[in-house]
Structures are given as C-alpha cells and as structure tokens.
Amino acid sequence: MGVTRAIYPGSFDPITLGHLDIILRARRMFDSVIVAVAFNEAKKPLFTEQERIEMVEEALGGAPGIEVRLLDGLLVDFARDQEAYVIVRGLRAVSDFEFEFQMALMNRRLEPRLETIFLTPKEDYTYLSSRIVKEVAKLGGDVRPFVPPNVVRLLKEKYSRE
C-alpha cells in the first residue's frame, strides 16, 4: 500500500483555529496533507493568494507532513497532479452538508478515484468562519480567540490601512 496523501482545499481568507484543527487532525489520519489555497473569482478575498499561502505556512509553523500549495483550477485536476485522491472537508453545521455533499459527488463523477471525507471541527469552533472573523476584525473586535497570532497581526495591518 502506498503513501496516502489528502488535500484540504479552502480559501483560508483568513485561516482560523477551526481550519487548523481540521488540518492537524487530518494529518494524524494521513501520511501527508496538502493545504490547497484556492483562488475563487466569485469571492473577493481580503488577502492575496501569496499572502494567504504565507499566512497558512506561518500558522502551521513547519508542521511535518503538511504542504501548502496554490489551487488554481479544478480540484480534480489538482488531485491528479498531486496523486492525492482523498479530499478532506470540514462540516460546521447541517447547513454546510448539502453543498459539500453535492461537491463530493461532482468531484467523484469527474474523478472516480477521488474520495471525500468530512470532519467536524472541535466544538469550540463550530460557529467560526473566515467571513465572521473578518467582520469582527473590521469593526475593531478582538479576534484572538478565533485565529492564530500571525493572523491577528495581519488583520490589524489590513484594516488599519482602510
């Protein structure tokens, strides 16, 4: 049996403690995990692709067996290129399930070797989203309980320029 690599895709704009929880638990399950920082034209990210990659790398602190890469295009093509046929997705609430289920089925239709597993974050993070974190930060709230220290700093820098 070969090495099992998993991909955890997301926009990570910014990365939260919920994301980190999923990444680190996935790493315990698989030989390696690729955190795929996605480019999505529909979303207007606060951070550039490069800033998000660096942010995730710094938040992970060089954790072994975890790589951070840019995902620009179809996830199934990226999975083939990386020879990684397990997708990890986080589910915070039942409302996440329908969309994630549809995506998992479409991905498997496009690449039959691709499997999706769903992980729920630690209970403390089930309400957490990047969108909510950005809103709290923009309004001057304390985001330290929700994001790693490097993200606290980066959010302060971004919103102090506005």
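- Between the side chain of Glu157 and the main chain of Leu154, no donor-acceptor pair closer than 3.5 Å is present.
- Side chain of Arg92 to backbone of Tyr125: no donor-acceptor contact under 3.5 angstrom is found.
- Across all their heavy atoms, Ser130 and His19 have their closest contact at OG-CE1, 3.4 Å.
- Leu74 and Met103 sit in two unconnected hydrophobic clusters of ILVMFWY residues. Membership requires side-chain heavy atoms under 4.5 Å apart, directly or through other members.
- For the pair Val88 and Pro9, the tightest heavy-atom approach, listed with the atom from each and the gap, is O-CD, 3.5 Å.
- A donor-acceptor distance shorter than 3.5 angstrom exists from the side chain of Asp13 to the backbone of Leu46, with no hydrogens or angles considered.
- Side chain of Arg113 to main chain of Arg108: no donor-acceptor pair is present (N/O by atom type, distance under 3.5 Å, no hydrogens or angles).
- For the pairing with Ile22, the side-chain contact (heavy atoms from CB on, under 4.5 Å) check across Val33, Leu119, Val35, Leu91 returns one residue only, Leu119.
- Side-chain heavy atoms closer than 4.5 Å link hydrophobic residues (I, L, V, M, F, W, Y) into clusters, and following such links, possibly through other members, connects Tyr8 to Ile117.
- Heavy atoms only, all atoms of each residue included: Pro121 and Gly18 are closest at CB-O, 4.5 Å.
- A heavy-atom distance below 4.5 Å is found between the side chains of Val152 and Lys156.
- The minimum heavy-atom distance linking Val151 with Pro14 is given by the pair CG1-CB, 3.5 Å.
- Under the 3.5 Å distance criterion, the side-chain polar atoms of Arg5 are left unmatched by any main-chain donor or acceptor of Phe30.
- Between Ala38 and Arg52, the shortest heavy-atom distance links the atoms O-NH1, 3.0 Å.
- Using a 4.5 Å heavy-atom threshold, the side chains of Ile23 and Ile15 count as touching.
- Residue-environment remark: CZ (Arg153) exceeds the threshold of 12 foreign heavy atoms within 6.0 Å.
- Residue Asp21 comes nearest to Thr120 through the heavy atom pair OD2-O, 4.4 Å, listed as atom of the first residue, atom of the second, then distance.
- The local environment of OH in Tyr127 is crowded, with over 12 non-hydrogen atoms from other residues, nucleotides or ligands closer than 6.0 Å.
- Atoms NZ and OG1, on Lys134 and Thr16 in that order, are 11.5 Å from each other to the nearest 0.5 Å.
- Not a single donor-acceptor pair under 3.5 Å links the side chain of Asn107 to the backbone N or O of Leu114.
- Note on Ile7: it does not cluster hydrophobically with Leu105, by side-chain heavy-atom contacts below 4.5 Å among ILVMFWY residues.
- Between atom CD1 of residue Ile34 and atom OG of residue Ser32 there is a gap of 6.0 Å, rounded to the nearest 0.5 Å.
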Evaluate Ile53 against Leu70 for side chain to side chain contact (heavy atoms under 4.5 Å, CB included), listing each step before the verdict.
CA-CA 7 Å; Ile53 289 169; Leu70 177 65; 3.9 Å; yes
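- The hydrophobic clustering, which links ILVMFWY residues whose side-chain heavy atoms are closer than 4.5 Å, places Ile66 and Val147 together.
- Here Thr4 contributes atom OG1 and Tyr85 contributes atom OH; the two are 13.0 Å apart, rounded to the nearest 0.5 Å.
- Rounding to the nearest 0.5 Å gives a distance of 14.5 Å between CZ of Phe12 and CZ of Phe47.
- In this structure, NZ on Lys122 lies 9.0 Å from CG on Leu17, to the nearest 0.5 angstrom.
- Atom CD of Glu67 sits in a crowded spot, with more than 12 heavy atoms from other residues, nucleotides or ligands closer than 6.0 Å.
- Contact of the Met55 side chain with the Asn150 side chain is registered, since non-hydrogen atoms from C-beta on lie closer than 4.5 Å.
- The OG atom of Ser129 lies 10.5 Å from the CZ atom of Phe146; values are rounded to the nearest 0.5 Å.
- Placement of Leu60 and Met29 within a single hydrophobic cluster is found when ILVMFWY residues are connected by side-chain heavy-atom separations under 4.5 Å, directly or transitively.
- Look at Arg80 and Glu111 and you find a salt bridge, because one of the NZ, NE, NH1 or NH2 atoms lies within 4.0 Å of a carboxylate O, short of that distance.
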